[in-house]
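Computed from a predicted model, the values in this text were never measured in an experiment. Throughout, a chain's letter reflects where its sequence line sits, starting with A, and its residues are numbered from 1.
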Amino acid sequence: DVKVTQSSRYLVKRTGEKVFLECVQDMDHENMFWYRQDPGLGLRLIYFSYDVKMKEKGDIPEGYSVSREKKERFSLILESASTNQTSMYLCASRRQGQNTEAFFGQGTRLTVV
Amino acid sequence: GENVEQHPSTLSVQEGDSAVIKCTYSDSASNYFPWYKQELGKGPQLIIDIRSNVGEKKDQRIAVTLNKTAKHFSLHITETQPEDSAVYFCAATPSGGYQKVTFGTGTKLQVIP
């Protein structure tokens with residue numbers, strides 16, 4: 001059974017804190033993604049990675065960075081958390097190639113107070 | 001970049017009726033159109049997809065149609081059941097580049113028993 005696992009289901013952090021969201025996949029996928037989900041806005045791409053140590057900005061990268069030191073792990077970093085980063089964060093992975101399915105983690109609900 | 005619009009944002013149907021969700025996309029290079037279902041507390045999961053060389057695809061009670069000329073694609077659910085209640089996302093993926101998946105804003109479907 002394929003799996004994308006996010007380290008936390010719920011997180012509460014204070015404004016200004018550095019926050020790490022971790023994601024691990026066991027499918028040996030090349031591509032990994034971080035999305036943010038907000039009501040009425042759908043899934044917006046923050047960053048994606050197509051290989052180890054490689055990353056590309058998505059549609060809303062401001063205030064975020066990422067790290068991919070190993071193929072199976074993709075981390076999202078909030079350098080200095082702000083209240084407007086309160087959201088649901090979803091990690092996904094996908095095999096390289098056309099028309100391949102994306103597999104999602106269960107999501108991390110982050111609240112910044 | 002690609003822009004995917006999805007309608008309606010909410011949809012209520014009686015059990016046994018049909019439900020239709022419509023999406024439009026902007027990038028003519030997109031050639032893969034998956035649909036994802038997100039149940040409460042879970043990440044999105046692929047339910048059906050269609051490629052640009054096909055006009056229609058069916059899987060039991062679910063069907064998807066694609067009109068490449070008009071850049072429209074739709075999800076049809078027949079004989080709806082309470083377990084169909086969820087948020088549905090359409091998406092579009094281009095054939096080239098990093099094949100970034102762009103999602104619609106989501107439709108919350110409620111099936112009333």
Inset, instruction - Count the heavy-atom pairs under 4.5 Å between each of A:A102, A:G40, A:G58 and chain B, then report the option with the highest count. - result: A:A102
Inset, instruction - Tell me yes or no: between the side chains of B:T78 and B:R61, is some donor less than 3.5 Å from an acceptor? - result: no
Legend entry - Donor-acceptor contact present, side-chain A:D26 to main-chain A:K3, <3.5 Å: yes
Legend entry - Contact class of B:Q38 relative to chain A, heavy atoms under 4.5 angstrom: side chain
Legend entry - Heavy-atom proximity to chain B below 4.5 Å, by part of A:A92: neither
Inset, instruction - Could you walk me through whether A:Q37 and A:S87 pass the side-chain hydrogen bond (donor to acceptor under 3.5 Å, both in side chains) test, one step at a time? - result: CA-CA 6 Å; A:Q37 181 176 11; A:S87 187; over 6 Å; no
Inset, instruction - Sort out for me which of A:Q6, A:M88, A:Q106 touches chain B most, counting heavy-atom pairs under 4.5 Å. - result: A:Q106
Inset, instruction - Please state whether the side chain, the backbone, both or neither of A:R109 comes within less than 4.5 Å of a heavy atom of chain B. - result: neither
Inset, instruction - Scan for ring-ring contact (aromatic ring centres under 6.0 Å, His included) pairs involving residues 30-50 of chain B, sequence neighbours excluded, and state none if there are none. - result: A:F104-B:Y36, B:Y25-B:F33, B:F33-B:F73, B:W35-B:F73, B:Y36-B:F103
Inset, instruction - May I ask you to decide if A:V52's main-chain N or O and A:R68's side chain share a donor-acceptor pair within less than 3.5 Å? - result: no
Inset, instruction - Taking B:T80 for its side chain and B:Q14 for its backbone only, find out whether a donor-acceptor pair lies under 3.5 Å. - result: yes
Legend entry - Atom pair CZ (A:R36) and CD1 (A:I46), whose distance is rounded to the nearest 0.5 Å: 7.0 Å
Legend entry - chain B contact via A:L43 - which portion, at a heavy-atom distance below 4.5 Å: both
Legend entry - Distance-only polar pair, side chains of A:Y47 and A:Y35, donor-acceptor under 3.5 Å: no
Inset, instruction - Give a yes or no answer on whether the side chain of B:T24 reaches the backbone of B:H72 with a donor-acceptor pair at less than 3.5 Å. - result: no
Legend entry - Sorted by number, residues from residues 40-57 of chain B in contact with chain A (heavy atoms, under 4.5 Å): B:G41, B:K42, B:G43, B:P44, B:L46, B:R51
